Amino acid sequence: MDLRQIEYIVKIADEGSITKAAAQLYISQSGLNQQLLKLEKELGVPLFHRSKYELRPTQAGQIYLTYGRRILEEKREAYARIHDLAKNNTGSLRIGLTPERGTTMLLHIYTDFHTQFPAITIEPEEIHVKKQLTMLMQDYLDIGFVTLTDQDKLPGMEFVHIKTEPVLLGVPRTHPLAACAGAPYSPYTDIDLSLFAKDPFILMFKGSTLRGVIDPLFETAGFLPHILFETASNRTLYTMVKKSMGCTLIPETYALEQESIAYFSLPQKPVWELAIAYRKGHYLSEPAKVFIRLAKSYWTA
């Protein structure tokens, strides 16, 4: 089997489109289509069901993809093991990072990593947790840095715990109940979320792992929040609260601007976990292990 040809077919399957796959592979659409037609002619069977909107693997295509992915993974593992043995690490390290905090972490540890492995290129992908988990399972990432709950963890994945992080209620200091929180940067005071049933909320987007933590809190409090705005940015959450546009539920890492925002803990003590994720059975190269150690030191310092 031609390794490049395997990569082409796997990418077509992942994208569900020759056009999208060609763009990802930096080749022409017609060139990629010709590669697919050539392989199908060689095998004597179609690998994809074709429709106007997508390509879906046929039964033969599923078989090809199963073995093709396995071959690509074994090639990458073989190279990584050889580089570790020879102590001449070269190549790349594909890392998934959550927006905002992930990039900040990378900036802090990159110099130390590069000093130890100057020939390793870091390929960062700033993407949300659920997409990271999919890419890890498909072997498009080596490791990912994710924030999630136990319910979000997929079978077939390994998770290395870094820390547990509380989720807090943030309200403008102009809010009538803000005085209950005490002075900025003082210990958090518990408060009942139901007291804010009439307030607008700015929340993380639906389907995010954070919403998996906070949506049940509203259910327990007995009300559906009036959601003024949904976002993918924690910085947007606290900025809009700072401007007195509403309340929010936010990870403790982002409990900033406390002169303008009062933060409370909730009686349920909601938390989520910051963890390192990789596919079960995926070989972690020495550069990957060092990157993980540096990241854990950064987060637990």
Side-chain angles (χ1 to χ4, degrees), residues 14 69-70 72-74 76-77 80-81 84 91-110 112-113 117 120 122-168 204-217 232-234 249-255 268-301:
D14 290 341
R69 291 185 194 278
R70 193 178 301 170
L72 294 176
E73 170 60 14
E74 289 184 353
R76 277 187 283 270
E77 180 174 332
R81 286 181 181 274
D84 282 350
S92 62
L93 185 60
R94 304 163 301 168
I95 298 173
L97 301 169
T98 52
E100 301 173 331
R101 75 165 81 209
T103 305
T104 301
M105 179 270 293
L106 177 61
L107 291 174
H108 277 83
I109 71 173
Y110 178 78
D112 286 343
F113 179 84
F117 300 101
I120 294 288
I122 292 179
E123 297 179 1
E125 291 272 359
E126 192 178 40
I127 44 179
H128 296 292
V129 171
K130 292 184 179 179
K131 178 65 173 175
Q132 275 198 57
L133 296 178
T134 298
M135 293 181 71
L136 286 162
M137 288 298 293
Q138 294 176 340
D139 196 41
Y140 284 133
L141 294 173
D142 295 305
I143 54 176
F145 292 84
V146 295
T147 40
L148 74 181
T149 65
D150 286 342
Q151 289 72 31
D152 300 310
K153 294 180 178 179
L154 300 178
M157 297 287 297
E158 298 282 0
F159 294 91
V160 180
H161 176 80
I162 298 178
K163 70 173 185 176
T164 299
E165 182 178 32
V167 177
L168 305 173
M204 192 60 67
F205 66 94
K206 289 178 183 176
S208 64
T209 51
L210 184 58
R211 284 293 288 271
V213 176
I214 65 179
D215 284 350
L217 299 173
S233 167
N234 284 292
L249 287 155
I250 192 168
E252 185 180 34
T253 297
Y254 296 95
Q268 299 92 334
K269 297 296 185 288
V271 298
W272 66 353
E273 180 185 4
L274 176 60
I276 298 158
Y278 58 94
R279 187 173 58 78
K280 193 171 289 185
H282 179 85
Y283 177 72
L284 288 178
S285 65
E286 188 59 27
K289 292 176 183 177
V290 169
F291 193 95
I292 288 172
R293 286 199 294 269
L294 291 171
K296 289 185 73 173
S297 296
Y298 169 79
W299 287 114
T300 56

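Not measured: the values here are computed from a predicted model. Sequence positions, counted from 1, serve as the residue numbers for this chain.
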E123 side chain reached by D142 side chain, heavy atoms, under 4.5 Å: no
Would you indicate whether the side-chain heavy atoms of I122 and L106 approach each other to under 4.5 Å? yes
How about Q268 and P216: do any of their side-chain heavy atoms sit closer than 4.5 Å? no
What I want to find out is whether R94 reaches D139 closely enough, with some N-O distance under 4.0 Å, to be called a salt bridge. yes
Could you list the residues that satisfy side chain to side chain donor-acceptor pair (under 3.5 Å) with R211, not counting sequence neighbours? D215, E230
Taking every non-hydrogen atom, the tightest pair across K296 and V160: NZ-CG1, 3.9 Å
E126 side-chain N/O to E100 backbone N/O, donor-acceptor pair under 3.5 Å: yes
What I'd like to find out is whether the side chain of K269 reaches to under 4.5 Å of the side chain of P166, using heavy atoms alone. no
One thing to verify: whether E286 and R293 come together as a salt bridge, which I'm taking to mean a side-chain N less than 4.0 angstrom from a carboxylate O. yes
Roughly how far, to the nearest 0.5 Å, is CG of L210 from CG of L148? 11.5 Å
What verdict does the side-chain contact (heavy atoms from CB on, under 4.5 Å) test give for I120 and F291, after you've listed the backbone C-alpha separation in whole Å, the side-chain angles of each residue and the deciding distance to 0.1 Å? CA-CA 11 Å; I120 294 288; F291 193 95; over 6 Å; no
Would R101 and F145 count as a side-chain contact (heavy atoms from CB on, under 4.5 Å) here? Give the steps. CA-CA 10 Å; R101 75 165 81 209; F145 292 84; over 6 Å; no
Yes or no on side chain to side chain donor-acceptor pair (under 3.5 Å) for T147 and E165, after CA distance, side-chain angles and deciding distance? CA-CA 9 Å; T147 40; E165 182 178 32; over 6 Å; no
With sequence neighbours excluded, what pairs up with K280 under the side chain to side chain contact (heavy atoms under 4.5 Å, CB included) test? E158
H128 versus F205: any side-chain heavy-atom pair under 4.5 Å? yes
With a 4.5 Å cut-off on side-chain heavy atoms, are L72 and R76 touching? yes
Can you find a heavy atom in the side chain of I127 that is under 4.5 Å from one in the side chain of L141? yes
CG (L284) and OH (Y278) are apart, to the nearest 0.5 Å, by 5.0 Å
For the residue pair P251 and N234, what are the closest heavy atoms and their distance? CD-OD1, 3.3 Å
Using 0.5 Å steps for rounding, measure from the NZ atom of K289 to the CD1 atom of I292. 9.0 Å
When rounded to the nearest 0.5 Å, the distance separating CH2 of W272 from OG1 of T149 is 10.0 Å
Verify the neighbour count for atom NZ of K206: are there more than 12 heavy atoms of other residues, nucleotides or ligands below 6.0 Å? no
Check: E273 and K153 side chains under 4.5 Å, non-hydrogen atoms: yes
Of Y298, F113, W299, which meets ring pair (Phe, Tyr, Trp, His ring centres under 6.0 Å) against H108? Y298
Smallest separation among heavy atoms of V146 and T98, with atom names: CA-CG2, 4.2 Å
Measure the spacing between CG of L133 and CE of M157 and express it to the nearest 0.5 Å. 5.0 Å
Under 6.0 Å from the NZ atom of K163, do we count more than 12 heavy atoms belonging to anything else shown? yes
Should the pair R279-E73 be classified as a salt bridge under the 4.0 Å nitrogen-to-oxygen rule? yes
Check the pair M204 / V213 against side-chain contact (heavy atoms from CB on, under 4.5 Å), numbers first and verdict last. CA-CA 11 Å; M204 192 60 67; V213 176; over 6 Å; no
Using modelled atom types and a 3.5 Å cut-off, is there a donor and acceptor pairing between side-chain atoms of T103 and backbone atoms of P99? no
Atom CD1 in I276, atom CD1 in I143: separation rounded to 0.5 Å? 6.5 Å
Verify side-chain contact (heavy atoms from CB on, under 4.5 Å) between L136 and H282, making sure each step is shown before the conclusion. CA-CA 9 Å; L136 286 162; H282 179 85; over 6 Å; no
On a heavy-atom basis, which atom in P124 and which in L97 lie closest, and how many Å separate them? CB-CD1, 3.9 Å
